[in-house]
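Keep in mind that this is a model prediction, so the values were computed, not measured. Protein chains get the first letters and strands the later ones, always in sequence-line order, with residue 1 at the start of each.
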Amino acid sequence: MSDLRNLNKPQQQAVEVTEGPLLVLAGAGSGKTRVLTHRAAYLIDEKGVKPWNVLCITFTNKAAREMRTRINDMVETGANEVTVSTFHSLCLRILFKHAQLLGYDPRFEICDTADQKAVMKQVCKDLEVDTKRFKERTFINAISNAKNELKSPADYAHEAFGDEWYEQVAKVYDRYQRVLKASNTMDFDDLIMQTVNLFKREKEVLEGYQDRFRYIMVDEYQDTNTAQFELIKLLSAKYRNLCVVGDDDQSIYRFRGANIRNILDFEKFYPEAVTVRLEQNYRSTQNILDAANAVIANNEGRKVKSLWTSEGEGDRLNFRQLESASDEAMFVAEDIRAQVKAGRFKYGDCAILMRTNVQSKEFEDAFRVMGIDYDLVKGLRFWDTKIIKDLTSYMMTVASGMNDMRTARIINVPARGIGAAGIEKIRAYATLHGLSMLQVCHDHVDEVPSLGRTAKKAKEFADMVYSLRERSADMSYSQLLTSIIMDFEYDKQMDADADTPEKYNELKDYVDKLKEALDVYEESTPEPDLVDFMRQNGLEGNNLSSSAGGAVIQRELTPEEEEEQREKKVLIMTMHNAKGLEFPNVYLVGMEDGLFPGFASVFSEDEEDMEEERRLCYVAITRAKERLTMVCAKHRMINGETRYSKTSRFIKEIPIRLMDMKLPDRERGGGGFEPEVPAKVKAIPRRSENVYSNYAKAMKGSQIGVRGELSYGVSDRVRHVKFGEGTVLEIKNGGRDYEVTVEFDSCGVKRMFAGFAKLVKV
DNA sequence: TTTGAGCTAGTCTTG
DNA sequence: CTAGCTCAAA
């Protein structure tokens with residue numbers, strides 16, 4: 001049960017304010033999950049709130065699971081009655097019950113990312129959109145943004161004001177939405193938007209849920225978008241017991257619709273709101289926190305917070321500039337090995353955090369060379385994998401064949417002579433006659449005009465489906481899957497998809513994983529149903545990692561596996577992926593202007609872009625518990641050309657007193673790699689003046705194209721590797737580098753930094 | 001219809 | 001550089 005003595009003062013306050021709106025500004029590592037779980041327990045055990053009146057909303061399944069177990073551990077009775085759910089699965093459950101009111105069949109399916117793409121392709125073709133000019137991907141993003149802003153196709157068209165692009169999006173959006181509805185499907189954004197629509201339209205339904213969820217808590221509130229904000233606003237409108245927990249400094253998902261104003265303006269929306277700040281950090285040393293505080297203090301739009309710990313200063317932060325990207329990786333690998341040898345950290349205590357995924361390659365190579373086990377956390381999700389999508393589509397087609405999206409996906413996988421043109425003809429005939437594509441293939445192929453040879457192939461395919469359907473009556477789902485792979489020769493496809501033996505094994509692992517998931521589902525569900533299985537799992541975003549051994553494991557592990565991983569494996573992941581995690585020994589890599597902060601934010605007019613990047617830096621720094629090392633390279637290959645970069649401005653925002661230029665104590669292990677550092681740097685004792693001068697030297701070494709080094713001036717002719725020849729219009733001293741404006745003969749005026757552009761006078 | 005050569009574009013990413 | 005996709009030849 002909840003014991004408030006385990007909490008610090010602000011934490012206690014956050015737990016005890018149970019009535020009315022409450023904003024908890026929870027800095028990184030300040031124990032917000034603790035507060036949330038204690039709060040749930042306090043409501044139920046102390047305030048006598050019924051468990052089923054409590055709702056906890058999170059963003060990720062992982063967070064929901066964690067919250068669930070912790071609430072179960074803490075709440076004395078009825079913990080299972082507390083609703084702990086992600087936004088999407090909450091909405092899914094609500095829509096499930098009231099789909100008819102919105103004109104959907106209650107057995108609607110979820111359209112995931114891959115399905116979206118297929119639909120969009122179709123839509124663009126139907127509307128004869130020039131996909132060279134307007135990319136499918138861009139439309140999908142635009143539609144997603146529109147839905148996150150609760151804009152209907154009509155709203156969108158209304159706001160287009162004759163702008164060609166917006167007009168185009170409005171048309172595509174409208175068509176896309178019709179296709180989804182016709183196939184009784186909702187995409188992820190629909191789940192939220194349609195629930196909001198439902199609540200706005202059906203007052204009694206809304207009131208039912210308001211009475212059900214009298215106490216609402218929202219985690220990671222800074223990541224909410226407009227639709228989610230609206231949803232919460234509606235749900236909490238009657239009782240106004242809304243507790244939101246978040247950290248505006250950790251808002252790093254603007255690019256996918258998160259609206260930081262939701263948290264910044266919370267007190268404006270709810271004037272009676274109580275605000276609690278959690279600033280005591282239980283994760284990192286004071287030096288790490290000071291660095292994080294110093295960096296984030298450069299942001300304008302934020303609620304001022306300052307993290308502190310009672311645990312002491314700890315080590316200073318390490319910074320090193322290496323020559324190239326591979327040197328950077330080798331340096332990190334060597335440093336990790338030295339730390340492990342010294343007995344200070346285990347491999348599993350170490351994490352490499354990078355800005356972009358492409359940076360991982362060098363580190364993988366370095367770790368492989370040094371024989372260090374690692375895990376690369378990929379953004380790829382299990383249910384989004386081609387093979388899983390194929391196999392589940394097969395299963396659904398064999399089971400019912402009602403969903404043309406799924407049938408179309410696999411009808412020619414592996415290739416069996418039914419090409420795109422043939423599929424279109426079958427689809428057209430099916431829509432015309434209100435049949436499914438599978439029915440057409442089975443019963444009406446000869447009526448489809450000009451199918452030619454394809455007709456026979458399509459019939460054969462349908463016959464196989466029907467034959468397996470009959471035999472499948474007393475098969476388990478996993479047996480059905482095995483039969484599918486045999487009957488439809490899917491192993492041929494696996495061969496085609498895998499160019500290496502490792503890849504092939506990976507695919508086989510996926511098949512086994514799917515079988516396992518099917519078995520588990522079937523055994524634990526009284527009335528197993530494939531649509532239900534798909535719906536549940538479609539929302540589960542298990543991330544995958546791939547490791548040196550080629551084995552594939554899911555990110556969510558059993559405790560034993562997790563323990564093993566902690567011991568043995570260095571983790572490589574993006575900074576975004578690291579949010580919410582913590583590691584004793586952290587490496588921030590690629591700390592270069594143009595990489596982190598990224599290109600776009602450096603050149604952006606919008607100051608907010610740089611601020612978001614800085615928040616990401618804040619998130620990255622605060623992942624470290626004990627030791628933080630930041631590294632960068634003077635040059636690296638980006639998009640096929642060598643790019644020279646200056647040290648990240650974020651490094652320069654960290655006070656020098658927190659930095660340590662000392663080299664790590666490395667035992668010579670015969671790795672054959674000697675970092676390129678002047679010998680005298682190693683010998684210098686750790687005195688601050690010297691630290692400063694080394695620091696300054698390191699900084700200076702990174703200055704490419706400083707004053708006086710430009711070989712050209714205004715109105716000179718210059719050559720650029722990519723853009724060709726042009727005339728220099730303007731040279732501006734941007735402080736750290738020159739900003740050069742050039743009019744290129746072939747592609748017009750471009751503005752660039754001299755250090756990046758490598759312009760040559762001609 | 002299939003396959004492979006050539007072109008293009010290139011943050012981050014939950015459900 | 002390289003992954004992913006389009007288009008042209010077989």
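Position along DNA chain B of the nearest nucleotide to A:Phe87 versus A:Gly640 favours A:Gly640 as the more 5'-ward residue. Where A:Ala600 and A:Ala415 each meet DNA chain B at their nearest nucleotide, the meeting point lying more 5' is that of A:Ala415.
Side-chain proximity of A:Lys117 to the nucleotides B:dT13, C:dC5, B:dT1 is greatest for C:dC5. Taking the side chain of A:Lys361 as heavy atoms from C-beta on, and the options B:dT14, C:dT2, B:dT1, the nearest nucleotide is C:dT2. Side-chain atoms of A:Arg256 lie closest to B:dT13 of the nucleotides C:dT6, B:dT13, B:dT2. Side-chain atoms of A:Thr113 lie closest to B:dG15 of the nucleotides B:dT1, B:dG15, B:dT2. Nearest nucleotide to the A:Asn639 side chain, out of B:dG15, B:dG10, B:dC12: B:dG10. Ranking B:dT14, B:dG15, B:dT1 by closeness to the A:Thr454 side chain, first place goes to B:dT1. Nearest nucleotide to the side chain of A:Phe255, out of B:dT13, B:dT14, C:dT6: B:dT13. In this structure, the nucleotide among B:dC12, B:dA9, B:dT1 sitting nearest to the side chain of A:Arg355 is B:dC12.
The distance between atom CG of A:Asn145 and atom C1' of B:dT13, rounded to the nearest whole Å, is 13 Å. Rounded to whole Å, atom P of B:dC12 lies 17 Å from atom NZ of A:Lys579. Atom CZ of A:Arg453 is separated from atom C1' of B:dT1 by 8 Å (rounded to the nearest Å). When rounded to the nearest whole Å, the span between NE2 of A:His576 and C1' of B:dT11 equals 8 Å. Across the protein-nucleic acid pair, A:Ile252 atom CD1 and B:dT11 atom P stand 17 Å apart, rounded to whole Å. Atom pair A:Asp219:CG and B:dG15:P shows a separation of 13 Å (rounding to whole Å applied). Residue A:Arg615 contributes atom CZ, which lies 18 Å from atom P of B:dC12 at whole-angstrom precision. The interatomic distance linking A:Asp609 (CG) with B:dC12 (P) rounds to 15 Å, in whole Å.
Using a 4.0 Å heavy-atom criterion, one finds that A:Gly598 contacts no nucleic acid atom at all. Among the atoms of the strands shown, none is found under 4.0 Å from any heavy atom of A:Asp223. Residue A:Arg137 is out of contact with every strand shown, counting any heavy-atom pair closer than 4.0 Å.
Electrostatic pairing of A:Asp390 and A:Arg409 counts as a salt bridge here, judged by a charged N lying under 4.0 Å from a carboxylate O.
Listed pair A:Asn357 / B:dG10 fails the phosphate criterion, with no side-chain N or O lying under 4.0 Å from OP1 or OP2. Phosphate contact (OP1/OP2 of C:dG4, side-chain N/O of A:Lys386, threshold under 4.0 Å): absent. For A:Thr574, a side-chain nitrogen or oxygen approaches OP1 or OP2 of B:dT13 to under 4.0 Å. Between A:Asn61 and B:dG15 there is a side-chain polar atom (N or O) within less than 4.0 angstrom of OP1 or OP2.
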*After noting the C-alpha distance and the side-chain angles of A:Ser85 and A:Thr83, does the key distance pass the side-chain hydrogen bond (donor to acceptor under 3.5 Å, both in side chains) rule?*
CA-CA 6 Å; A:Ser85 175; A:Thr83 305; over 6 Å; no
*Verdict with reasoning, A:Arg615 to A:Arg302, per side chain to side chain contact (heavy atoms under 4.5 Å, CB included)*: CA-CA 10 Å; A:Arg615 289 193 288 270; A:Arg302 63 183 287 259; over 6 Å; no
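Counting only N and O atoms by type, the side chains of A:Tyr618 and A:Asn299 include no donor and acceptor under 3.5 Å apart.
Every residue meeting the salt bridge (charged side-chain N to carboxylate O under 4.0 Å, His left out) condition with A:Lys492, not counting sequence neighbours, appears here in chain and number order: A:Glu489.
C:dG4 sits 15 Å from B:dT13 when the P atoms are compared, rounded to a whole Å.
No close placement of the A:Phe139 and A:Tyr176 rings is indicated, their centers lying 6.0 Å or farther apart.
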